[in-house]
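First up is the structure itself, then whatever we jot down about it.
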Amino acid sequence: MTAASSPLPRRRPVVVTIAVVLVYLTGAVGALIGVLILLSRYQVDRASVLPVSLLGAGIILFALLTFAVASGLSRGSTLARLLVTLYLGAEFVLNVIAIASTDSWDWVATIQVVAEAFVVFALWAPPGRKHFAPQPGQPVATASARP
């Protein structure tokens with residue numbers, strides 16, 4: 001195989017690199033926040049134990065799912081971009097609930113929401129969007145395998 005016929009690797013835009021790093025960070029910090037919210041159920045009244053526990057468990061779940069899909073973003077996977085967007089959307093809702101229902105997690109959840117919004121914007125804005133577009137020479141998935 002000659003140098004002229006070998007496919008050149010895609011250069012990842014800086015905004016995508018920053019988004020991937022932020023996805024890893026938001027995943028790790030989100031899991032930590034979820035654990036702390038889950039542990040804070042011991043400080044609330046008896047009627048609020050279940051909602052606080054479910055909120056903490058939900059934040060942990062979506063943070064770990066986001067962390068797991070982050071490596072696909074750096075490879076340019078469109079499925080990873082879609083999954084990260086869905087997971088961050090769910091985390092966004094859970095963090096807004098945490099802000100509305102608790103007093104001690106407002107500033108941490110607010111920073112998390114801002115970071116998640118930046119990641120979604122970076123993945124779908126034009127510089128990041130080009131990284132996830134199909135490249136010439138790659139097979140394109142079709143709706144049907146029949147001729």
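As the structure is a prediction and not an experimental result, all values here were calculated from the model. Just so you know, residue 1 is the first one in the sequence shown, and it goes up from there.
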Connected via hydrophobic side-chain network under 4.5 Å: V44 and Y42: no
Heavy-atom side-chain proximity of F92 to L88 below 4.5 angstrom: no
From CZ (R41) to CG (L55), nearest 0.5 Å: 12.5 Å
Within one Ile-Leu-Val-Met-Phe-Trp-Tyr cluster: L86 and V113, side-chain cutoff 4.5 Å: no
Partner set under side chain to side chain donor-acceptor pair (under 3.5 Å) for T17, not counting sequence neighbours: none
Run the side-chain donor-acceptor check on residues 27-35: report pairs under 3.5 Å with partners two or more places apart or on a different chain.
none

Side chain to side chain, L73 and V16, heavy atoms closer than 4.5 Å: no
Same cluster (ILVMFWY, side-chain, under 4.5 Å), W124 and I18: yes
Q112 side chain to T26 backbone, donor-acceptor under 3.5 Å: yes
Flag side-chain contact, heavy atom, 4.5 Å: T66 against E116: no
I99-L38 co-clustered via ILVMFWY side chain contacts under 4.5 Å: no
Smallest separation among heavy atoms of V20 and S74, with atom names: CG2-N, 3.9 Å
F118 vs V114, side chain to side chain contact (heavy atoms under 4.5 Å, CB included): CA-CA, chis, key distance, verdict: CA-CA 6 Å; F118 175 77; V114 170; 5.8 Å; no
Output a table of donor-acceptor pairs, distance under 3.5 Å, between side-chain atoms of residues 57-64 and any protein atom two or more places apart or on a different chain; print 'none' if there are none.
none

Minimal non-hydrogen separation, P51 against S48, with atom names: CD-O, 3.4 Å
Value rounded to 0.5 Å, distance of OG1 in T85 from CZ in F121: 13.0 Å
Verify same cluster id: V23, L82 (apolar side-chain graph, 4.5 Å): no
